[in-house]
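Quick notes on the structure that follows.
Please read these numbers as outputs of a predicted model, since none were measured by experiment. To find a chain, count down the sequence lines: A is the first, B the second, and so on, and within it residues start at 1. Computation of the quantities below employed the complete heavy-atom set of this structure, encompassing side-chain atoms and omitting hydrogens, waters and symmetry-equivalent molecules.
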There are 2 protein chains.
Amino acid sequence: MSTIRDVGKMAGVSIATVSRVINKSGYVKQETEKTILQAMQALNYEPDPIARSLAGKSTRTIALVVPDILNPFFPEIAKAVEKEASRLGYTVILCNTDNSLDKEERYFQVFEQKRIDGVILASYTLGAVQIKKWQKKIPIVVIDNRFPQHPTIVSIISHNRTGAHLVVNHLLEQGCRKIAHICGPMGVYSAKERYMGYEDICKDQDWFSPHLIVQGDFQIKESYQATIGLFKRHPDVDGIFAGNDIMAVGALKALVAMGMSVPDEVKLVGFDGISIPLVVPELTTVAQPIGEMGALAMHHLVELIHKRPLASHVQVLDVRLIIKESSTTRASKEFVT
Amino acid sequence: MSTIRDVGKMAGVSIATVSRVINKSGYVKQETEKTILQAMQALNYEPDPIARSLAGKSTRTIALVVPDILNPFFPEIAKAVEKEASRLGYTVILCNTDNSLDKEERYFQVFEQKRIDGVILASYTLGAVQIKKWQKKIPIVVIDNRFPQHPTIVSIISHNRTGAHLVVNHLLEQGCRKIAHICGPMGVYSAKERYMGYEDICKDQDWFSPHLIVQGDFQIKESYQATIGLFKRHPDVDGIFAGNDIMAVGALKALVAMGMSVPDEVKLVGFDGISIPLVVPELTTVAQPIGEMGALAMHHLVELIHKRPLASHVQVLDVRLIIKESSTTRASKEFVT
DNA sequence: ATGAAAGCGCTAACAG
DNA sequence: CTGTTAGCGCTTTCAT
């Protein structure tokens with residue numbers, strides 16, 4: 001591996017000048033620049049990122065923190081973030097927290113130590129106060145969560161409440177007369193918004209009862225149990241809005257176990273729009289623009305890193321209802337070839 | 001942030017001595033060490049990893065290369081790798097290649113440049129020759145693949161052929177009389193082994209025909225099409241062994257689309273044992289010890305990094321058949337609470 | 001427009 | 001056992 005000194009020597013200039021052309025900083029005569037560029041080519045020179053980091057500041061590395069990489073939502077985020085990062089010349093380190101505050105704290109310490117340039121944070125455990133604390137030391141973009149009381153926290157989120165409206169209206173159109181909701185953790189903004197969206201529309205229906213809302217935790221298992229419990233109390237539920245796709249899977253499994261058919265007896269809708277078709281029948285869901293969220297998060301993070309002002313700290317993206325089999329009256333059996 | 005010099009000053013010793021205690025290298029008087037440790041505490045000193053990397057060699061960073069982070073198999077690997085890496089004080093950078101040779105090459109160039117300590121490589125596109133080329137520059141552990149012709153390539157894989165035997169025998173026991181196989185890319189060792197395992201047992205059955213083997217590519221979509229095609233030619237197939245879980249999902253969707261019931265008319269088995277329950281009915285599958293594979297890969301990689309000899313270059317792990325609903329005659333409907 | 005020189009914070013001979 | 005010193009490869013004033 002050749003160094004900046006080799007290039008300087010070959011081009012007959014000082015390393016300072018070489019550095020200038022590497023960084024496109026300061027003035028360099030066209031001609032000199034050309035000579036240097038040629039020398040770089042000839043020597044197959046690549047600036048050493050570690051030395052640059054030590055001398056300068058940036059490590060061109062960002063961290064992606066997710067609560068549970070096994071939930072397909074996060075691989076999709078990861079894919080988008082990584083793609084965009086790669087495009088921008090950044091490297092992504094992956095951090096799985098298992099929803100543990102402790103791990104999150106430890107990671108952030110590592111980030112500071114390793115001089116990570118920025119963090120894309122998906123967390124339902126870390127509070128606004130902690131985030132703001134770390135934010136002083138390192139740029140952070142929050143994804144799929146927000147803190148309305150703390151508008152200085154940059155976040156990317158989608159229209160959860162509107163999405164919930166889409167779900168409930170769709171279910172009503174499909175003829176449902178008793179729609180239940182399996183909600184996510186109420187401490188989580190997006191879960192709460194989805195819940196409120198459900199309530200917005202349902203609370204005025206004559207069949208409505210608060211008992212139709214059961215608590216999940218964004219995991220399959222809990223949702224399975226919740227669904228079983230729900231039907232013990234309300235065997236006549238004919239529509240379920242699950243707070244995310246994973247919980248919809250749990251609900252579906254419960255329904256099948258109880259011998260109920262989807263969508264004939266109960267219609268089921270999820271939320272997230274994860275692209276891997278999890279179940280048969282395929283799930284109707286509200287698709288968040290996951291790829292866009294990841295790319296946008298990366299984009300905003302870079303703006304933060306360069307201390308450029310952001311047009312808005314909170315970006316709310318549109319969602320759309322993807323209607324599949326789990327919520328529509330079964331059509332004639334056809335199959336695509 | 002305090003530096004090694006601050007610590008030296010405070011403890012009244014040279015930076016060399018401080019460095020010695022940091023690295024536990026060379027001799028340091030007990031007493032001196034204590035003083036230094038105290039100074040480190042007092043100053044809240046943390047050695048700068050970047051400076052260490054520049055002066056020394058290791059970056060304590062490894063790369064995890066996966067072909068498709070959306071396939072749930074890889075998040076499971078990622079989780080295990082990251083967990084073990086984190087435990088060992090390593091950071092993991094995530095690289096998604098979309099099965100593109102080009103991207104893989106580019107990533108390896110970045111690894112070299114960034115002085116990544118090692119790579120855990122899941123790839124079905126990179127050939128043994130390329131791997132050996134890179135291996136000269138950077139330690140590599142291959143996961144879920146192997147190159148029998150090139151025993152110097154360290155790899156972690158499981159008993160795919162045996163797993164396939166388990167599947168076929170199980171299907172036969174369940175009364176299947178015509179078992180098809182949706183295989184993965186024949187260039188991929190594990191896919192081939194699974195295929196051979198299938199063939200080992202099936203080729204002597206009176207119903208056997210090579211046309212019962214259809215080509216998939218480890219993706220849902222292709223598998224769906226393959227299944228449709230298969231049944232056009234062989235409507236009497238009553239058992240399917242899919243080369244991985246994702247393809248089993250594709251097959252299931254096709255079967256449902258064609259109006260066939262699983263497991264009543266056709267029994268279906270996958271391979272991988274991904275932990276997220278993908279479909280209803282739940283999939284019978286051959287579980288690879290995914291977590292163990294990830295952890296072991298990380299472990300071996302660290303051995304390579306430290307140039308310690310490996311007991312064996314190729315480690316083959318046991319698999320086990322997980323019997324679920326997709327392959328067993330439907331039992332009476334009970335549900336767990 | 002270019003160069004000289006002083007670091008960034010640490011490791012690793014080498015010398016005592 | 002400990003200190004001195006020379007880098008690692010680059011960025012960045014400060015001169016010229």
Q: Looking at every strand, decide which applies to A/V18 at a 4.0 Å heavy-atom threshold: base, sugar-phosphate, or nothing.
A: nothing

Q: Would you indicate what A/I50 reaches in the nucleic acid, counting non-hydrogen atoms under 4.0 angstrom: base, sugar-phosphate, or nothing?
A: nothing

Roughly how many Å is it from [atom1] in [X] to [atom2] in [N], rounded to a whole number?
| X | N | atom1 | atom2 | answer |
| --- | --- | --- | --- | --- |
| A/L54 | C/dA6 | CG | P | 18 Å |
| A/I15 | C/dA6 | CD1 | C1' | 11 Å |
| B/M40 | C/dC10 | CE | C1' | 13 Å |
| B/M1 | C/dG7 | CE | C1' | 19 Å |
| B/D48 | C/dG9 | CG | C1' | 6 Å |
| A/E112 | C/dG9 | CD | P | 14 Å |
| A/D6 | D/dC10 | CG | C1' | 13 Å |
| B/R115 | C/dT11 | CZ | C1' | 13 Å |

By nearest atom, which of the nucleotides [options] is closest to the [X] side chain?
| X | options | value |
| --- | --- | --- |
| B/I22 | C/dT11, C/dC8, C/dG3 | C/dT11 |
| B/K29 | D/dC1, D/dG3, D/dT11 | D/dC1 |
| A/V13 | C/dC10, D/dG3, C/dG3 | C/dG3 |

Residue-phosphate contact under 4.0 Å: [X] side-chain N/O, [N] OP1/OP2:
| X | N | value |
| --- | --- | --- |
| B/S19 | C/dC10 | no |
| B/T32 | D/dT2 | yes |
| A/Y27 | C/dG3 | no |
| B/S14 | D/dT4 | no |

Q | Upstream residue (5' side of DNA chain D) when B/V28 and B/A55 are each assigned their closest nucleotide | A | B/V28

Q. Does A/P49 or B/Q30 map to a spot on DNA chain D nearer the 5' end, using the closest nucleotide for each?
A. B/Q30

Q.
Over 60° means perpendicular and under 30° means parallel, so tell me whether A/Y124 and A/F74 are parallel, tilted or perpendicular.
A.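 Correct class here is tilted.
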
Q: Determine the interplanar angle of the A/Y107 and A/F111 rings, folded into 0 to 90°, and report it as parallel if under 30°, tilted if 30 to 60°, perpendicular if over 60°.
A: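 Parallel.
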
**Q.** side-chain contact (heavy atoms from CB on, under 4.5 Å) partner of B/V81, the single match among B/I62, B/V141, B/L94, B/V66
**A.**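 With B/V81 as partner, side-chain contact (heavy atoms from CB on, under 4.5 Å) holds for just one option, B/I62.
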
**Q.** salt_bridge(A/K79, A/E76) N-O dist < 4.0 Å
**A.** no

Q) So does A/K34 pair up with A/E31, basic N to acidic O under 4.0 Å? A)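 No, no charged N to carboxylate O under 4.0 Å.
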
